[in-house]
Amino acid sequence: MTDFREIEVKDEWFQPRAKSTGKAEVVVRPSLSYWADAWRRLKQNKLAMFGLYFLIFLGLAAILIPMFSSHSVTATDLPNQNKAPSMQHWFGTDEMGRDVFTRTWYGARISLFVGLMAALIDVTIGIIYGGISGYKGGKVDLVMMRIIEILYGLPHLLVVILLLVVMEPSLTTIIIALTITGWVGMARIVRGQVLQIKNYEFVTASKSFGAGTLRIIRKNLLPNTMGPIIVQMTLTVPSAIFAEAFLSFLGLGIQAPFASWGVMANDALPVILSGYWWRLFFPALFIAMTMFAFNVLGDGLQDALDPKLRG
Amino acid sequence: MTIQIQQNDEQHQNLSIVIGKKILEVQDLHVTFQTYGGEVHAVRGVTFDLHEGETLAIVGESGCGKSVTSNAIMGLISQPPGKISNGRIFFKGKDLTKLDKKAARKIQGVDISMIFQDPMTALNPTLTIGEQLTDGLRTHRSISKAEADKKAIEMLNLVGISNPRERLKQYPHQFSGGMRQRIVIAIALICDPILLIADEPTTALDVTIQAQILELFEEIQIKTGVSIILITHDLGVVAKIADRIAVMYAGKIIEIGTKREIFYTPTHPYTKGLLNSVPRLDLAEEELEPIEGTPPDLFAPPKGCAFAARCPYVMEVCDYVQPGTTYLTTSHYTDCWLQDERAKGLFND
Amino acid sequence: MVNYVIKRFFMMIGTVLIIATLTFFLMHAIPGSPLDSDRTTNPTIQANLEKFYKLDQPLSSQYISYLKSIVTFDFGPSIKKPNESVNSLIGRGFPISFELGMVTILVAVISGVVLGTLAALRHNGVIDYLAMTFAVIGISLPNFILATLLIRIFAGELGWFPAATWQSPMHMVLPTLALATGPMAVIARLTRASMLEVLTQDYIKMAKAKGLTPWKIIVRYALRNAMMPVVTIMGTMLAGILTGTFVIEKIFAIPGMGKYFVESINNRDYPVIMGTTVFYSAFLVFMLFLVDIVYGVLDPRIKLHQKEGDPS
């Protein structure tokens, strides 16, 4: 640090100098929009970016690989049952001689489709329900929230199991069963956001200019609630994927010969202690990696979209 | 807010300074914080002392290092990211910066205690008032619960809370803001401290409650003889209860003196600016002038005087060299180049 | 507090009623009711069913007698196993499932809280980094996948623990670990986040300023407040552990209620599905009720019966 005694203080320095304009500090960082700023923060999070890239890769591969694979998902080849991974069958074959590699990627399709569809339907219902409840307020809100409270008290997976016992198990019924109870969480989040934002002054200002309800919802409320909705969506997808695998594992999901990761894991259970490790290993690895990718991406988005919450 | 300086308290002030023993000496204190943006020099060489029964106010804008200074005395600088990089804090003959944690807890918390800004957050919502009052006492002294409760009731009486016995069993949410601040004060006083540090104790309160709390401080000081360091940006509070005032700017004390000296003969341009930015009853005619500009960036503190960029009397020297301390009286010091012989007559003010 | 408990109690009854009704009508909505005579061949079972469900009577009186039987805790006969009732299955399976669930909760809560607290206290340190990496992996590993991996490694390759059944503490290790890892990871993350927030609060600074020992500050001041969000997710977590017992008991061949439930799903033993579903729901809702009360005890601000102090 500077010690004033060590510097020679010159007499001529004792002159009034023009006062500086006061603009000494210029903001160096250009001001970014909310989304650009969030993207910048997300890019800094290596784990979240890994999740994002992995999911993009998974999505593309799930679409392309079953299309171009020389093996069929369902075709059985009994002489070649339970073959270890080889150049012919990269991930080996199962007890019916089906190619595990192709089935794993086909399973990725099912898992991603169930996850994304469930999340999309949850968001749609959640935004409509939560938006109306929060925006209308008063008695409407009270009744709608009471309904949510009751639904929230129901054990989610039990209801899903019950529905699937009654309905013919298929991809559609799984998605329906998952969304019947799944939208509640999203509706609560949207309502909370809307309640908070609708009292902000810019909304009051819009109202005073005579903007209609729809316009206010579209222009003011939705953009400002998108952050938490996106985060909730990223976390809904892995829980739907988990639920599908779980239900398939219980025998309530996709039916053989079609493949989902849960079905494959379930099929591998009887041979768990035998040498056929690949039959369990690959579906397990893919479920875990996908859930991991969605979770870290969700965490990263949460940090990026809501800087207040950064730890 | 208006400031009224009590004209007749000059004697009381001088008395306490003359009679009181020195209890605290802060010498050339430097505190830095490591952040993602680099090292922040929050406190850059603060020196002052405090006498028995005295109230010293440390004033300044937010971010000037006044709270960091008090946290350093209280031992609340957590390392990392904070660090007392230089300087000494003598209290009862011991250098607080050199004590190990265990020894420090016997002083910080017993002999020195602290009051925080926001009474709504300073109390633990899940413990009763009684538990929060007595747990410090029972940590430092081996006394029974009954004795501790007795002392707690005594303290609640002192700070003016009625029905103290029943109140001990209640939780913070059952009290109003003003009441909570009284409880916070009671907690701070329960171990009979020698020094009380109050960090913006009235800022979060309503104006009417503020006055009550300030009166409580005066009352307590008379009853217990405790020394007080009052951290505030509110000159109204200062005018009411301070004996001496230290003005901080960008991590340094730039002027220190008795209340009369600071209010009537301020010498540093920043002090003058500060006083001119607040309405005063005794100088009703003058216009209010805000101080233009913002304090400097403490990531890279300026080489010369930190106030140079905003100073209306700035000279070339201010940009190059930090001013030394000039002793105007035995109690009034300032760090400003205008006090140099060579600057005399340059500005007619 | 009393009002609060009463309100929660009635909500609990309501939820169970909804589940019971839903179960009843869903089962009767299945084309050619599952209880129809052509589904069973055993005359004993058919007689039991008709006696219990009063199948000769209209749906409304069937429903009412069904509700009555639930109130008296009688869930009727099994469709597939003669001389077996849902009650006897629950009686045999529930104690084992309960044991598995409770051990899991204990392990998950204790280790999750300890891990989360350590991570928060060493924020951005090595422990924090390791604990949170472990937590993200734990959340990403579905319990049934973890269970199979654990069997493969610790029962298969290493042979340290038995791979199946429920007999000794050694048998409990793998199933408990498989079931507890997910909830533990969730609790660890939540504890860390809420601990980090609590540690910045003024009352923690104040506790430090009082010169309290670090241990006392963490336990009495920080942890107790940081536990609030953890208690609120206990409900969701209990539901997760409960459904988790279905697969864990299936994988480890543990003769608990979950195993019977999965069996009943697979061979479409509808009365058992109905009975166990209602029982599970009632149990879960009751646990949620307990969690709510615990929350009320932990957070003095919940005590609604007290008047809001006299703010003077």
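Residue numbers begin at 1 in each chain, while the letters A, B, ... track the order of the sequences.
Rounding to the nearest 0.5 angstrom, the gap separating the CD1 atom in C:Ile265 from the CG atom in A:Leu164 is 9.0 Å. A:Phe281 contributes atom CZ, which lies 11.0 Å from atom CZ of C:Arg152 (distance to the nearest 0.5 angstrom). Taking CZ of C:Phe246 as the start and CG of A:Leu252 as the end, the distance is 10.5 Å to the nearest 0.5 Å.
A:Leu250 touches chain C through backbone and side chain together, each having a heavy atom under 4.5 Å away. For C:Val136, the parts lying under 4.5 angstrom from a heavy atom of chain A are both the backbone and the side chain. Both the backbone and the side chain of C:Ile151 have a heavy atom closer than 4.5 Å to some heavy atom of chain A.
Contact between C:Pro142 and A:Met291 at its shortest, heavy atoms only, is CG-CE, 4.5 Å.
Annotation: side chain of C:Ile145 is not in contact with side chain of A:Trp261 (no heavy-atom distance under 4.5 Å).
For the options C:Leu22, C:Thr148, C:Leu141, heavy-atom pairs under 4.5 Å to chain A are most numerous at C:Thr148. For the options C:Leu284, C:Leu26, C:Thr15, heavy-atom pairs under 4.5 Å to chain A are most numerous at C:Leu26. Interface remark: of the candidates A:Val159, A:Leu158, A:Leu157, A:Leu158 forms the most heavy-atom pairs closer than 4.5 Å to chain C.
Within 6.0 Å of CZ on C:Phe25 lie more than 12 heavy atoms contributed by other residues, nucleotides or ligands. Other residues, nucleotides and ligands contribute more than 12 heavy atoms inside 6.0 Å of the CD atom of C:Gln201. Under a cut-off of 6.0 angstrom, the local environment of CZ in A:Phe113 is sparse, with at most 12 non-hydrogen atoms contributed by other residues, nucleotides or ligands.
A:Leu47 meets the side chain to side chain contact (heavy atoms under 4.5 Å, CB included) test with A:Asn45, A:Phe292, A:Val296; sequence neighbours excluded.
Within residues 236-247 of chain A, the residues having any heavy atom closer than 4.5 Å to a heavy atom of chain C are A:Phe242, A:Ala245, A:Phe246, listed by residue number.
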